[in-house]
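Data first, discussion second: the structure below is written as structure tokens.
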Amino acid sequence: MRRVAVVGLDGVPWKVVNKLHSDGVIKHLAELREEGAHGHLASIIPPFTVPAWTSMSTGVNPGKHGAYATHALRSDYSLRLLTSRDVHYPRVYEILTMKGFRSVVVNLPLSYPPAVFRGVMLSDWLYPRRAVYPPEAEELAEDYTPPDPLWALQNPANYAVKVMKGLKGMIKTLKRLFKEVEWSLFYAVFSETDFLLHRNYDEIMSSDGNSPAREVFRRIDRFIGWMMDKTCDDSLLLVVSDHGFTKYRYVVHLNSLLREGGYIRVKSRWRASTSLSRLPVPRFFYRYVQRSSNMRRLVGPILDLLGFGSASFYLKIPTSDSYAFAPPDYFGVYINSKDVFEEWPLEDWKMSVLRKRIIRLFNSLRNPKNGDRVFRGVYARENLFHGPHVNKIPHVIPIPGPQYWIDHEMAGDVIEEGSHVDHSLWGLFAAYGSDVNAGVKLRGISLLDVTPTILHYLGLPIGREMDGTPILDAFREGSDARSRPVIKADYLRRWRATLHMRRLRRKLKRS
Amino acid sequence: MLSEERVAVYISRSVYDAVRRMAEESGEFSNVDEFVEFVLREFLEGGEEAGYTPEEEEKIKERLRSLGYL
């Protein structure tokens, strides 16, 4: 029986792999690239962990699966955290469950708790507590602790050391699950790479030999080597990442730009984000801190030490008084109109007018330092996404140019200069196995293609609504996967029926 | 599964006809028995509830803040 193993390296682009390989830190991933098929994997908009992994594991864009951010915006402008039940399209392991296959899923963002699932699932870092499904599999997972970015706040100096401790337990567990559980799909995501690239990018990309952060990459690479050894005939190993990382020279504060354009009216008290959001902060203090990025950098770590979490200063946006706003965690701008929520003040026709103006404003933004155009494209949401959940996506999506990143802050100047490390739009893809077209460089591939590739390799139809297609060029000429026609099926209806049954059962249990 | 003993269950004709239509429309099942068995298995499996307490939600938000999402 065919099997597919997927190793997810959150946030890792080929650039990081190349650097670590040339410094002798890793070798197996480079071998895999030579002996397998590989390419740059286009992420999606937004290139954030939850929407990107959800798009990868469903094969559909956020307009169809509905997880555009980590949160859902409520009509009162507050944010509700998404749960695994907020994904509106079956993920690959759910499709396999419906077809009678079993899976092992470990730390896939927004996967826990499973709804339609047969196999073993270990909770991901976005679930508040460590959990194992089914509970009988607990013994197999006794060494597993999901990675936690808060370890960095508990002990910043030894963050990578703490990550390594958790990583060892995770790898030990993965090896046990790989060997002792019956599965057709093995899907494990290492989030440690993303956490470390956020905090230790320079250390990882420097040539100073070994460091605890680099040691984490070495350990994961050794696990990939182990997986390559275990990849036999009739099995496929995929190594994928949901987005990349890079260093930007400028950050564009979307809400500052909207405020300058007169679309945000600030009337309410000024507050800090983070845990301090419950405490009013005097306006003079805010003004003082927000004027200077150096001040923000100075005050941030102090607040960290006081236990208030990573401090990011911005002004609380009085959304109900504004024409438009960019909420935290959302890549884009909402117009305050009734097409999102009936309770929002602006009529639909006003939305159309405002949107044109805001797109014009964003398109005309130039960097005063060099005259560069800041955004390489500014789009209406329906030009990038399609599906039943498009109306919950921000109306305007600005795609920044190569030197620019965007955020939701409303601090100081619209364009702030300074080194900033964040996500980029290109992840990595590598395939390895006896059916793989060894040495081929794949072009034009997207993370939306990963689930169709898995299903097609396993001999199953791909979903009719899927936006991606199987990466047939990854397979050698004459192989079954390359020559077999791609078939489509409707998984959505059956999946909804299954969810309905499960809801009914829970209802009966409660009554 | 094929080796398992099968038993007969009697249901009303109208329900049977509706189920048969649904099984045919889905294109996934070769007969009504297969469809009913699938649905009942799903029903028995259940699944854990999703959703967070306010404390849990705050904990996850802290994690997201530490990565710059919030």
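By convention in this document, chain letters (A, B, ...) are assigned in the order of the sequence lines, proteins followed by strands, and residues within each chain are numbered from 1. Bear in mind the structure is a predicted one, so any value in this text is a computation, not a measurement.
The distance from the CZ atom of A:Phe48 to the CG atom of B:Leu67 is 11.5 Å, given to the nearest 0.5 Å. One distance of note links OG of B:Ser66 with NE2 of A:His198; it measures 8.5 Å at 0.5 Å rounding. The line from CD1 of B:Ile60 to OG1 of A:Thr70 is 10.0 Å long, rounded to the nearest 0.5 Å.
With hydrogens and angles ignored, the 3.5 Å screen pairs a side-chain donor or acceptor of B:Tyr52 with a backbone N or O of A:Leu82.
Residues passing the salt bridge (Lys or Arg N to Asp or Glu O under 4.0 Å) test with A:Asp422: none are found, sequence neighbours excluded. For B:Arg63, the salt bridge (Lys or Arg N to Asp or Glu O under 4.0 Å) criterion is met by A:Asp148, not counting sequence neighbours.
Neither the backbone nor the side chain of A:Asp407 comes within less than 4.5 Å of any heavy atom of chain B. At a 4.5 Å heavy-atom cutoff, the contact between A:Phe195 and chain B is made by backbone and side-chain atoms alike. With a 4.5 angstrom heavy-atom cutoff, A:His423 touches chain B only via side-chain atoms.
Among A:His500, A:Arg80, A:Arg118, A:Lys99, the residue with the largest count of heavy-atom pairs under 4.5 Å with chain B is A:Arg118. Highest contact tally toward chain A, considering only B:Lys59, B:Glu57, B:Lys61, is held by B:Glu57 [criterion: heavy-atom pairs under 4.5 Å].
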Kindly indicate, with the supporting measurements, whether the criterion side chain to side chain contact (heavy atoms under 4.5 Å, CB included) is fulfilled by A:Met501 and B:Leu40. CA-CA 9 Å; A:Met501 289 301 295; B:Leu40 290 177; 5.6 Å; no

Evaluate A:Thr498 against B:Val39 for side chain to side chain contact (heavy atoms under 4.5 Å, CB included), listing each step before the verdict. CA-CA 7 Å; A:Thr498 307; B:Val39 170; over 6 Å; no

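For the pair A:Arg494 and B:Phe35, the cation does not sit on the ring face, since its NZ or CZ is not both under 6.0 Å from the ring centre and inside 45° of the axis.
By the 6.0 Å contact criterion, CD on A:Glu182 is open, its count of non-hydrogen atoms from other residues, nucleotides or ligands being 12 or less.
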